[in-house]
Amino acid sequence: GDAAGNEADEEAQRLRAAGAAALAAAAVKARAAVAEEERDIQHLVSALIDKQLKKVEIKLRSYERLSEMLELEREQIARERQRLYQERLDFAARKLGITAAGNAEPIASGRDGGGDQAGTDGADAGRDKGAAAASSAMDTDA
């Protein structure tokens with residue numbers, strides 16, 4: 001009886017040892033698989049971050065180009081405004097018969113066909129009207 005019991009105990013012990021060895025081998029394999037997956041995940045996360053960084057860099061360059069284009073357009077609009085302002089000023093001065101130097105040009109009368117009707121006082125009056133027109137043009141431009 002004792003021999004059969006001992007054999008059964010030894011068999012159970014061998015089975016436990018084999019089970020423990022199999023379990024240990026499975027645990028080692030599982031750890032190796034987990035480590036491999038962690039490396040893969042780290043690699044994929046790194047690649048994803050690189051791609052996102054490149055996208056941000058591309059968007060930043062695009063934004064910088066757009067910003068430069070807008071600045072050029074702003075400058076062009078400012079020049080165009082200045083040109084238009086000068087045209088309005090020149091038109092107002094021509095309409096009032098004022099030269100660029102601020103002197104009155106002779107204004108032809110519709111009745112007598114021409115000539116200088118205004119003396120020195122007329123030139124001053126024309127200059128004053130031109131200054132008022134220029135001032136008015138500046139006020140409407142702003």
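Small disclaimer: the values here were computed from a predicted structure and weren't measured. These numbers come from the heavy atoms of this one structure, side chains and all, not from hydrogens, waters or symmetry mates.
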Can you tell whether the side chains of [X] and [Y] come within less than 4.0 Å, N to carboxylate O?
X: R14; Y: E11; answer: yes
X: E36; Y: R39; answer: yes
X: R74; Y: E71; answer: yes

Mind checking the [atom1]-[atom2] spacing from [X] to [Y]? Nearest 0.5 Å is all I need.
X: R65; Y: L70; atom1: CZ; atom2: CG; value: 13.0 Å
X: E37; Y: L44; atom1: CD; atom2: CG; value: 11.0 Å
X: S46; Y: I41; atom1: OG; atom2: CD1; value: 13.5 Å
X: K54; Y: I49; atom1: NZ; atom2: CD1; value: 13.5 Å
X: I58; Y: L53; atom1: CD1; atom2: CG; value: 10.0 Å

Would you say the side chain of E64 lies within less than 4.5 Å of the side chain of L60, judging by non-hydrogen atoms?
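In contact.
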
Between V56 and Q52, is the side chain to side chain contact (heavy atoms under 4.5 Å, CB included) condition met? List the steps.
CA-CA 6 Å; V56 168; Q52 288 178 337; 5.6 Å; no

Is the number of heavy atoms from other residues, nucleotides or ligands under 6.0 Å of Q13 CD greater than 12?
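12 or below, so no.
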
For a quick check under 3.5 Å, do N6 and E10 share a side-chain donor-acceptor pair by atom type?
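No - no donor-acceptor pair under 3.5 Å links their side chains.
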
